[in-house]
Amino acid sequence: MNAIPVTLAGATTLTRVSERLAADLAAILRQAVGERGHASLAVPGGTTPREFLTALGRCDLPWPQITVMPTDERDVAPDDMRSNERMIRECLPLASDGYAPLRADGRPLEDAAMELGNRLAPLLPLDAVVVGMGADTHIASLFPGDPRLGRNERGALPPVVPSYPAGLEPRLSLAPSPLAAARWKALLISGDEKRSALTAALETKDPVAHPVCLLFESGASPRVYWAE
Ligand SMILES: O=C(O)[C@H](O)[C@@H](O)[C@H](O)[C@H](O)COP(=O)(O)O
């Protein structure tokens with residue numbers, strides 16, 4: 001695996017990195033809509049991406065031709081402060097049918113994952129995916145130690161999977177395949193701890209111990225947007 005293709009080295013604020021990522025992604029989305037009449041995009045939740053999502057929301061884009069989904073979603077109501085959907089809708093001027101939720105709506109997560117996976121299938125492969133990363137190198141809601149992430153197991157997974165990380169609320173997550181198979185991939189991280197964790201993770205090439213490796217194993221190499 002190559003050294004990290006860091007698009008923006010450090011000494012760059014999260015605001016500047018977020019604006020650059022939004023501008024780069026907007027060009028990708030315009031190209032996708034121009035070529036295929038539609039674009040599908042997955043974006044992360046958490047705290048890091050809010051500035052990026054706000055900058056993307058200011059871009060002049062054909063939103064009626066863009067479908068946005070979260071890379072993962074906590075099993076909470078869409079108006080909950082922990083909801084990724086809530087943050088995404090606050091930041092992006094989505095068309096009325098421009099959001100593909102990952103919501104269980106009270107169903108067992110296994111049932112919801114299967115139904116949502118079937119619903120998302122026509123939107124795959126994604127034209128673009130932006131993921132965040134935890135300091136433990138999880139991406140979306142795919143966490144270290146999950147045996148489903150192994151090379152022999154993950155191919156059989158549906159597009160959406162339930163996730164039950166210790167100490168966190170249950171979640172629904174895009175599975176490894178839709179994340180890794182996206183036509184354009186970006187990783188948005190900030191701080192030295194995450195950059196060191198990413199560097200160490202890529203040296204292991206172990207997607208079970210370090211799920212971020214999933215993005216680098218196949219297809220287009222992700223662009224890494226790292227803020228100081
Ligand atoms: O729902 C989520 O929490 C995200 O999708 C998750 O994968 C996030 O990207 C990382 O946990 C990093 O989160 P921070 O940006 O808050 O550090």
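Note that this is a predicted model, so its numbers are computed, not measured. Counting starts at 1 for both ligands and their atoms, in listed order.
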### Query
Which protein heavy atom lies closest to atom 9 (O) of ligand 1, and at what distance to 0.1 Å?
G132 CA, 3.4 Å
### Task
Around atom 12 (C) of ligand 1, find the nearest protein heavy atom and jot down its residue, atom name and distance.
M133 O, 3.5 Å
## Note on the structure
So the atoms of ligand 1 within less than 4.0 Å of a heavy atom of T71 turn out to be 5 (O)
### Nearest protein heavy atom with distance in Å, relative to atom 13 (O) of ligand 1
G46 CA, 4.1 Å
### Message
Could you tell me if S173 and D72 have a donor-acceptor pair between their side chains, going purely by distance under 3.5 Å?
### Response
no
### Query
Does an N or O from N84, backbone or side chain, lie closer than 3.5 Å to an N or O of ligand 1?
yes
### Query
Is the number of heavy atoms from other residues, nucleotides or ligands within 6.0 Å of CG (D60) greater than 12?
no
#### Entry: Closest protein heavy atom to atom 15 (O) of ligand 1, given as residue, atom name and distance to 0.1 Å
T48 OG1, 2.6 Å
### Message
How long is the straight-line distance from CG of L142 back to CG of L179, given to the nearest 0.5 Å?
### Response
6.0 Å
### Message
Quick test: of every protein heavy atom, which one is nearest to atom 8 (C) of ligand 1, and how far off is it to 0.1 Å?
### Response
G45 O, 4.0 Å
### Query
Does the salt bridge (charged side-chain N to carboxylate O under 4.0 Å, His left out) test come out yes or no for E169 and R171, once each step is laid out?
CA-CA 6 Å; E169 65 276 275; R171 289 126 178 268; 3.3 Å; yes
### atom 5 (O) of ligand 1 - nearest protein heavy atom and its distance
D72 OD1, 2.5 Å
### Query
Short list, please: which atoms of ligand 1 are under 4.0 Å from a heavy atom of H138?
6 (C), 7 (O), 10 (C), 11 (O)
### Distance (rounded to the nearest 0.5 Å) between C213 SG and D206 CG
6.5 Å
### Query
Are any of the side-chain nitrogens in R223 or D24 under 4.0 Å away from the carboxylate oxygens of its partner?
yes
### Query
Does A140 reach ligand 1 with a nitrogen or oxygen that is under 3.5 Å from one of the ligand's nitrogen or oxygen atoms?
yes
### Query
Are any of the N or O atoms of I139 closer than 3.5 Å to those of ligand 1?
no
### Message
Please check if the number of heavy atoms outside E35 that lie under 6.0 Å from its CD is greater than 12.
### Response
yes
#### Entry: Nearest non-hydrogen protein atom, atom 3 (O) of ligand 1
R74 NH2, 2.8 Å
#### Entry: Min side-chain heavy-atom separation S190-E228 under 4.5 Å
no
#### Entry: K194: numbered ligand 1 atoms lying under 4.0 Å from its heavy atoms
12 (C), 14 (P), 15 (O), 17 (O)
### Query
Quick one: are R58 and E19 in side-chain contact, heavy atoms under 4.5 Å?
yes
